[in-house]
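Following: one structure in structure tokens, then a few remarks.
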Amino acid sequence: MGIVFAPLGLVLVFTAAITPQWREGQARLNIGGSGSLLRSGAKGHGVGVRSGSVEALLLLRSDGLWESCLQVEQSELKQCWPIAGPYQRDARVRMVQGLVLTSLFLCGIGIVLACIGVRCWTDLPLRRVAASGGLLVVAAGLLSLTGLGVYTHNLRRLGVDPSQGLNNPKFPQLSLSPAGSLYFGWLGSCLQVLGGGALLFSFKRPRCPTCPSRQEQAVCPACHSCPEMTSKTDVDVYEVSC
């Protein structure tokens, strides 16, 4: 469970981190005059909606941690650019960026440790190594959950500059809402916590079962760590194979 859920969570959180759909919104922009570039471009794609002498364009805006995009609905007019301005300088956005990057790094290290710990290179798996990897994966999941919570809680306030005001007649305020990348991040973070929690059970020492009698094997490899078994002179043994 840990070996499957942890990498899957890492992929989902990484996908959420690089996609610009953490929040999205739309606004109807009224454009007048015959010299407007957006107006002429939108007419070429059949997007303009004429209302009297004014055309209305429905603009779709989406923001991520490192990129923002703007698209005219039902057209190929789309432009993306690295985040800038008040949104980039917002301390909460920078904090979420740091939390997500730290989460990805810790989860990657945890998966490596878990893979080393569960591999059957010896008679017994390296349980402490696997459990330590699980601890890092759980920490990674909690960090990404924290970042997602901060972003979701402040979603409509991120990058808002009070000095410029909210009502701009040339570019009306967008009604922002959570987008798909957030849901990928939530799912991936939960999988990380579940997978890391499963690996944490490796810290618990396994109980030694009763071994069937085997004359050719003097000591049971799986019971080396059990004092009650190693203290006996006559120990039933069983074969451990990979």
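In this text, all values refer to a predicted model and were calculated from it rather than measured experimentally.
- Residues V96 and Y151 have side chains in contact (heavy-atom distance under 4.5 Å, counting atoms from C-beta outward).
- To the nearest 0.5 Å, atoms OG1 (T102) and CD (Q97) are separated by 11.5 Å.
- Under a 4.5 Å side-chain heavy-atom criterion applied to ILVMFWY residues, the cluster that includes M1 comprises V4, F5, L8, L12, F184, L187, L191, L194 as well.
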Could you go through L155 and L182, starting from their C-alpha distance and side-chain angles, then the distance that decides it, and tell me whether this counts as side chain to side chain contact (heavy atoms under 4.5 Å, CB included)? CA-CA 11 Å; L155 186 141; L182 275 181; 3.8 Å; yes
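- Taking CG of L60 as the start and CG of L70 as the end, the distance is 8.0 Å to the nearest 0.5 Å.
- The cluster map of Ile, Leu, Val, Met, Phe, Trp and Tyr, joined by side-chain heavy atoms under 4.5 Å apart, puts L199 and L145 in different clusters.
- Under the 4.5 Å side-chain heavy-atom criterion for grouping Ile, Leu, Val, Met, Phe, Trp and Tyr, L99 is not connected to Y183 through any hydrophobic cluster.
- With values rounded to the nearest 0.5 angstrom, L10 atom CG is found 6.5 Å from Q192 atom CD.
- If you take CG on L113 and CG on L135, they are separated by 10.5 Å, rounding to the nearest 0.5 Å.
- The closest side-chain heavy-atom distance from R94 to D90 is not below 4.5 Å.
- Nearest heavy-atom pair, G185 versus V13, reported as atom, atom and distance to 0.1 Å: O-CG2, 4.1 Å.
- Minimum heavy-atom separation, Q21 to A179: O-CB, 2.8 Å.
- Residues S68 and I83 approach most closely at OG-CG2, 3.6 Å, considering heavy atoms.
- Remark: S132 OG to R127 CZ distance equals 12.5 Å, nearest 0.5 Å.
- By the neighbour-count criterion of 12 heavy atoms within 6.0 Å, atom OH of Y87 is densely surrounded, having more than that number from other residues, nucleotides or ligands.
- Inter-residue side-chain proximity for Q88 and V93 is flagged as unmet; no heavy-atom pair is nearer than 4.5 Å.
- Take V138 and apply the side-chain contact (heavy atoms from CB on, under 4.5 Å) test, not counting sequence neighbours, and it matches L142, L200.
- More than 12 heavy atoms of other residues, nucleotides or ligands lie within 6.0 Å of CZ in F203, so this atom counts as buried by the packing criterion.
- Residues that satisfy the disulfide bond (SG atoms under 2.5 Å apart) test with C80, not counting sequence neighbours, are C69.
- Looking only at side-chain heavy atoms (C-beta outward), S62 and R23 stay at 4.5 Å or farther from each other.
- No side-chain heavy atom of W66 sits less than 4.5 Å from a side-chain heavy atom of I18.
- In terms of heavy atoms, W186 sits closest to L148 at N-CD1, 3.5 Å.
- Here the CD atom belonging to E24 is positioned 10.5 Å from the CD atom belonging to Q71, to the nearest 0.5 angstrom.
- Nearest heavy-atom pair, L136 versus G110, reported as atom, atom and distance to 0.1 Å: CB-CA, 3.9 Å.
- Residues E67 and W81 form no side-chain contact, since every pair of their non-hydrogen atoms from C-beta on lies 4.5 Å or further apart.
- In the hydrophobic cluster analysis, where Ile, Leu, Val, Met, Phe, Trp and Tyr join through side-chain heavy atoms closer than 4.5 angstrom, V11 is grouped apart from V100.
- Using a 4.5 Å heavy-atom cutoff, the side chains of R157 and R92 are in contact.
- In plain terms, the two heavy atoms of R156 and L176 that are nearest each other are NE-O, 3.1 Å.
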Stepwise, does the side chain to side chain contact (heavy atoms under 4.5 Å, CB included) test hold for V137 with L106? CA-CA 7 Å; V137 173; L106 289 180; over 6 Å; no
